[in-house]
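Comments concern the structure below.
Note on naming: letters A, B, ... go to the chains in the order of the sequence lines (proteins, then strands), and numbering restarts at 1 for each one. Bear in mind that the values here come from a model prediction, so they are computed numbers and not experimental data.
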Amino acid sequence: MMLLAIDLGMVIEKLILIVVVVSASLVIAMYTTFAERKVAAILQDRRGPNRAGPFGLLQPLADGLKLFFKEEIIPAFSSKTLFILGPALAMITAVMTSAVIPWGDHVELFGRNINLQIADINIGILYVFGVVSLGVYGIMIGAWASNNKFSLLGGLRAASQIISYELAMGISLIALLMVTGTLSLKEMVVQQQAGHWNVIYQPLGFLIFLICAFAECNRTPFDLPEAENELIGGYHTEYSSMKLGFYLFSEYINMFISSVIMATLFFGGYDMPFVNEVNLSPNIAALVGIAALMAKVICFIFLFMWVRWTIPRFRYDQLMHLGWRILIPLALFNMLATGGVILYFSK
Amino acid sequence: MNITTLVFILLSVLAVGSAIMMITSKSPVNSVLWLIVVFFTISGHYILLNAQFLAIVNIIVYAGAIMVLFLFVVMLMNLNKETEPVKNYRLQLIGIVAGGALLLLIISAIMKIDAQQLVQMKVGDEGLIKSLGMNLFKNYVLPFEISSVLFLSAIIGAVVIGKKD
């Protein structure tokens with residue numbers, strides 16, 4: 001019985017790509033936790049972790065092992081299935097976005113042309129948006145299942161915050177779509193390779209997107225769902241062991257993925273400036289592309305950390321005020337202005 | 001039997017199964033979560049019909065926004081089994097009659113469909129975003145604008161109700 005009409009080579013190719021992309025995201029997120037502690041140390045004039053391995057490079061492994069070996073406590077009055085489902089969902093939604101990101105152009109291995117993108121669907125950017133909007137479930141379900149008032153408050157804060165900032169994010173994306181005229185992330189990168197980076201056409205849109213990305217990742221100054229001096233640990237108060245680790249870890253994966261998305265949408269993705277990729281052989285061009293993307297991503301991740309250790313947390317009413325009264329009107333204005341300019345030049 | 005039929009059967013079983021779970025589960029939070037699963041399976045059906053835009057918008061709007069609000073309200077109201085209102089038989093009877101009428105309507109609509117032309121395989125560009133946009137803004141621009149006015153008035157109404165001091 002012939003079930004799959006696609007050739008087996010492509011299936012294996014995609015499976016390998018998925019494994020590589022997911023494990024790469026996990027490793028990068030692991031070392032982002034290390035980088036966060038080092039950056040915090042530098043900004044606060046400390047040394048940071050330097051005991052485990054040379055320069056403390058084995059610190060993330062030690063942290064992970066510690067979390068795995070800790071006692072696991074499930075509260076007696078919690079709903080057990082949902083309590084476990086919460087961190088799992090947080091992790092899944094964090095990793096799912098990587099499916100539509102173009103990591104590079106293509107490589108030629110064993111006579112095959114391998115696209116460095118898991119799925120080039122023609123609604124790529126909407127897929128990203130859909131997964132982002134699902135990210136709140138992990139937090140909400142975990143918070144409710146904990147059967148703890150602090151957790152519930154943290155979860156509700158997370159939900160209302162993410163819903164509020166999604167709107168401005170979506171509207172800023174609409175303006176970007178009007179400029180590029182495509183929903184596929186791959187095509188957007190190809191356009192930017194040929195022309196200019198989108199940030200030149202959409203500076204305001206990028207700023208709005210950046211602020212919303214901070215809010216969607218629950219990063220300072222928007223980390224109210226886990227504000228430790230009001231809510232103990234926020235939505236993960238009752239969690240221990242690796243389930244807590246999953247929640248903390250998914251934040252870093254989200255940070256990495258949203259950095260990649262910002263680099264792809266506004267900063268040319270795997271486009272290396274001042275280098276014409278067509279002149280290079282495909283494999284070297286792909287490597288150069290991946291390196292360029294990673295360099296951009298590292299800049300963004302550093303920005304995330306820099307902001308975290310510089311700016312204090314918002315008050316909750318300030319957060320809502322910024323979201324609804326400033327960002328959404330600004331995003332609407334940006335959309336109208338973009339539409340007007342496009343209409344004027346297309347005449 | 002090809003892969004499409006197999007996926008279709010799998011999705012349908014999942015959809016109906018989780019819909020039943022949604023109705024029968026005692027806890028409102030579980031009901032909401034099962035409803036989200038139903039939305040995902042429906043999105044799967046849309047993808048099977050090559051209507052990718054519809055699929056993803058279904059997830060963004062229903063699973064990503066509306067159900068979050070549902071969950072929000074259910075969690076805040078802290079609905080438990082003890083506080084569930086007492087069911088009376090008259091209400092149940094009305095429910096059965098209304099549901100039965102809807103079932104009859106759906107069955108009569110399905111009976112009229114030509115079974116050979118349910119799904120057009122490999123030609124379905126209709127559901128893609130380009131043809132959808134062309135249809136909405138060229139052929140159906142008036143209904144589209146009228147429904148946007150309706151949405152706008154709903155938003156304003158919600159704000160007015162919310163501002164009640």
Contact class of [X] relative to chain B, heavy atoms under 4.5 angstrom:
| X | answer |
| --- | --- |
| A:I162 | neither |
| A:L126 | both |
| A:L156 | both |
| A:S160 | both |

(Q) With a 4.5 angstrom heavy-atom cut-off, is it the side chain or the backbone of B:L71 that approaches chain A, or both, or neither? (A) both
Q) Under a 4.5 Å heavy-atom cut-off, does chain A meet the side chain of B:V61, its backbone, both or neither? A) neither
Q | Test item: A:Y137 side-chain N/O and B:A63 main-chain N/O as donor-acceptor pair under 3.5 Å | A | yes
Mark yes when over 12 heavy atoms from residues, nucleotides or ligands other than [X] sit less than 6.0 Å from its [atom1]; otherwise mark no.
| X | atom1 | value |
| --- | --- | --- |
| B:F72 | CZ | yes |
| A:F246 | CZ | no |
| A:F333 | CZ | no |
| B:Y62 | OH | no |

Q. Atom CD1 of B:I36 and atom CG of A:L134: how far apart are they, to the nearest 0.5 Å?
A.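 The distance works out to 8.5 Å.
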Q) What's the spacing between A:W144 CH2 and B:L33 CG if we round to 0.5 Å? A) 8.5 Å
Q. Between B:Q52 and A:I123, what is the shortest heavy-atom contact and its length?
A.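 Distance-wise, the nearest heavy atoms are O-CD1, 3.6 Å.
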Q: Locate the shortest heavy-atom distance separating A:G130 from B:I60; write the atom from each residue and the value.
A: CA-CG1, 3.4 Å
(Q) So which residue, B:V68, B:L69, B:I59, ends up with the most heavy-atom pairs under 4.5 Å with chain A? (A)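 The candidate making the most pairs under 4.5 Å is B:V68.
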